[in-house]
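To start, the structure under review is shown below, and the notes come after it.
Naming: A, B, ... by sequence-line order, numbering from 1 per chain. Computed from a predicted model, the values in this text were never measured in an experiment.
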Amino acid sequence: MHVYIENIADYDGKKVLIKGWLHNKRSSGKVRFLLIRDGTGIVQSVIAKDEADEKIFEIADKITQESSLIITGMVRKDDRAPGGYEIIADSIEVLQMAIDYPISPKEHSIDYLLPLRHLWLRSRKQNAIMRIRHHIIKALRDFFDDQGFICADTPILTPAACEGTTTLFKVDYYDQEAYLSQSGQLYNEAAAAALGKVYCFGPTFRAEKSKTRKHLTEFWMLEPEVAFIELDGIIDLAEDMIIYMIEKVLSKSKTELNTLKRDPSKLESIKKPFPRISYKEAVEIIKKKEPDFKYGDDFGAPHEAVIGEHFDQPVFIHHFPAAIKAFYMKRDPNDESLALGVDMIGPEGYGELIGGGQREDDHDILLKRIKEYKLPEEAFQWFLDLRKFGTCPHGGFGLGLERTIAWICGIKHVRETIPFPRMLDKIYP
RNA sequence: UCCUCGGUAGCUCAACGGUAGAGCAUCCGGCUGUUAACCGGAGGGUUGCAGGUUCAAAUCCUGCCCGAGGAGCCA
């Protein structure tokens, strides 16, 4: 009976069939230990010369790392086995013998591993990260679905810049210029006015010349958008979402966090309510460590780190100077120079994980902003329509998936949080 | 685009002006409970590229190429 390794404990004393690959091999005299992985886990198989068929012992002796195989045998509980269970093999079929697998069970440089990403994914650590990625995605979707949000995905091919500021990837759309989406937000606003509460969750593209551990040129963003909501409600939503997601990861991914040597107490200590400070308060905290920082400057990575360390919790920063925020942000009715935007800075130096806020809902003011920011008015006609036909206070945010995964997993670089990272000048494999 | 660091065996690194070395991987041999197993042996090199200094360059100098980390921008 074909059994997945993650369920092996249910078959103690029974005969099973495992399909997988050879992860590693050890031997001692007349005993061979095969470590077999099938994607769900790793189990040790034991072949002793006296007990096993001569042919099987020969195969166990010759089989190489990452060869594909089918093995049958009795499951036995044994404390000496990694994972607590092992298989006494009585047959081994090698589907294909792998020759010179390039990733040995030793340390390798990132230089070497990145071009081998298609094979690197097989490693224990990468496997754990991908499993956690899956559970994070599922938790985020469940959170919104359970509250009646509708997933209304937005286009990836778009006619113009959403924000007009960041660099876009240009593509040839028949004979027109088109761009890969850098945010679904504008379309989300239309969808929210149709469906009330929506989100989109898909890849997004930024052709920035960014070369840091926090940047990918193709990354996944979850963007909820809600009609009839104001800034405080948006922050509440983001806060509840993060708490829900962390609880799910802690309950579903203990093994994987352990594989990654991620201390779960770092996540268990994340508790509601997260600090909520204004940009002005944030500036005062930053100035204590970086006296050169001036009110009106946008935060750089070191400034985000100062805020993150100061609180040791995710922090919401709101009421930014409007000058450093996007054209569609609603201004504070009490102070025209401030925008009702909010960013969430992650702890442990993971930087900005969430950016969002309340949108401008007045037609004439939005039109004025489009002109001020020198954006092509025609392209935004449909966006202005949303303010002409039943406008309402609304808003939402975008969550950077890979940065969130990096934080949860406690790994430094976002390139390991997506199966096939796309980075500056890097598009292979 | 800028700043910093790096490029030596298949991989990870050492040698820092005087015969280019180790661990792992591979191959051969040994060991009946291994835990990145261990022990013995073997093969494996245009020291990123091009110039220069020197009796002698992996090592010093110049230029170039490639990579990593960071900055700006952002999620």
Side-chain angles (χ1 to χ4, degrees), chain A residues 23-35 42 44-52 57 60-62 64-66 76 78-84 86 88 98-116 123-125 162-163 165-168 182-185 203-223 238 297-305 324-326 342-346 349-356 397-407 412-415 417-418 423-426:
Chain A
H23 181 73
N24 198 6
K25 184 172 67 175
R26 288 186 283 262
S27 70
S28 173
K30 302 289 181 286
V31 189
R32 297 290 177 267
F33 300 93
L34 305 184
L35 288 176
I42 294 179
Q44 169 171 292
S45 176
V46 188
I47 300 101
K49 194 158 197 177
D50 286 359
E51 295 156 27
F57 190 80
D61 202 46
K62 296 290 179 216
T64 55
Q65 194 190 350
E66 289 305 323
R76 182 174 70 187
D78 192 315
D79 290 340
R80 293 169 296 186
E86 61 187 18
I88 316 303
I99 306 295
D100 292 335
Y101 184 70
I103 303 176
S104 55
K106 298 288 160 195
E107 283 171 26
H108 295 280
S109 66
I110 202 73
D111 232 20
Y112 182 73
L113 291 171
L114 267 179
L116 295 172
S123 76
R124 216 188 278 247
K125 182 184 172 193
C162 284
E163 307 187 15
T165 54
T166 339
T167 328
L168 297 164
Q182 61 173 351
S183 164
Q185 189 221 309
T204 186
F205 306 87
R206 306 264 167 108
E208 292 156 358
K209 298 277 183 194
S210 298
K211 206 190 146 200
T212 80
R213 68 175 72 168
K214 296 192 181 82
H215 287 88
L216 297 169
T217 54
E218 176 182 322
F219 64 98
W220 284 65
M221 188 153 66
L222 171 65
E223 296 176 277
D297 291 348
D298 205 354
F299 300 135
H303 311 121
E304 288 176 353
I324 56 170
K325 286 289 169 185
V342 60
D343 285 356
M344 192 189 83
I345 307 295
Y350 284 94
E352 189 183 340
L353 303 177
I354 287 176
F397 60 84
L399 169 88
L401 180 66
E402 285 75 17
R403 285 186 185 178
T404 303
I405 297 168
W407 166 44
K412 283 196 185 110
H413 205 300
V414 290
R415 66 188 160 206
T417 64
I418 186 167
M423 291 179 289
L424 187 59
D425 296 328
K426 209 160 292 167

With distance as the sole test, does A:E402 use its side chain to make a donor-acceptor pair with the main-chain N or O of A:W220 at under 3.5 Å?
yes
Minimum-distance pair of heavy atoms, taken over all atoms of A:A301 and A:K214
CB-NZ, 4.3 Å
Calculate the interatomic distance between [X] atom [atom1] and [N] atom [atom2]; express it in whole Å.
X      : N      : atom1 : atom2 : answer
A:Y101 : B:rU26 : OH    : P     : 13 Å
A:D297 : B:rA71 : CG    : C1'   : 15 Å
A:R415 : B:rG67 : CZ    : C1'   : 11 Å
A:M221 : B:rA75 : CE    : P     : 7 Å
A:I103 : B:rC11 : CD1   : P     : 12 Å

Would you please enumerate the stems RNA chain B participates in, each stem being three or more consecutive Watson-Crick or G-U wobble pairs with both distances under 3.5 Å?
B:1-7 with B:65-71, B:10-13 with B:21-24, B:26-30 with B:38-42, B:48-52 with B:60-64
Measure up the A:Y112 and A:H108 rings against each other and bin them: parallel (under 30°), tilted (30 to 60°), perpendicular (over 60°).
parallel
Which nucleotide, [options], lies nearest any side-chain atom of [X]?
X      : options                : result
A:L114 : B:rA75, B:rA68, B:rG33 : B:rA68
A:R206 : B:rG33, B:rA75, B:rA71 : B:rA75
A:H108 : B:rC11, B:rC74, B:rA75 : B:rC11

OP1, OP2 of B:rC31 versus side-chain N and O of A:S28: anything below 4.0 Å?
no
For B:rC31 and A:K30 - does any side-chain N or O of the residue sit under 4.0 Å from the phosphate oxygens OP1/OP2?
yes
Residues forming a salt bridge (charged side-chain N to carboxylate O under 4.0 Å, His left out) with A:D298, sequence neighbours excluded:
none
Return the set of residues passing salt bridge (charged side-chain N to carboxylate O under 4.0 Å, His left out) with A:K125 (not counting sequence neighbours), or none when no residue passes.
A:E416
Quick check on RNA chain B: between A:H303 and A:D343, whose nearest nucleotide comes earlier from the 5' end?
A:H303
With C1' as the reference atom in both, quote the distance from B:rA25 to B:rA42 in angstrom, rounded to an integer.
14 Å
Under 3.5 Å, is there a donor-acceptor pair between the A:S104 and A:Q65 side chains?
no
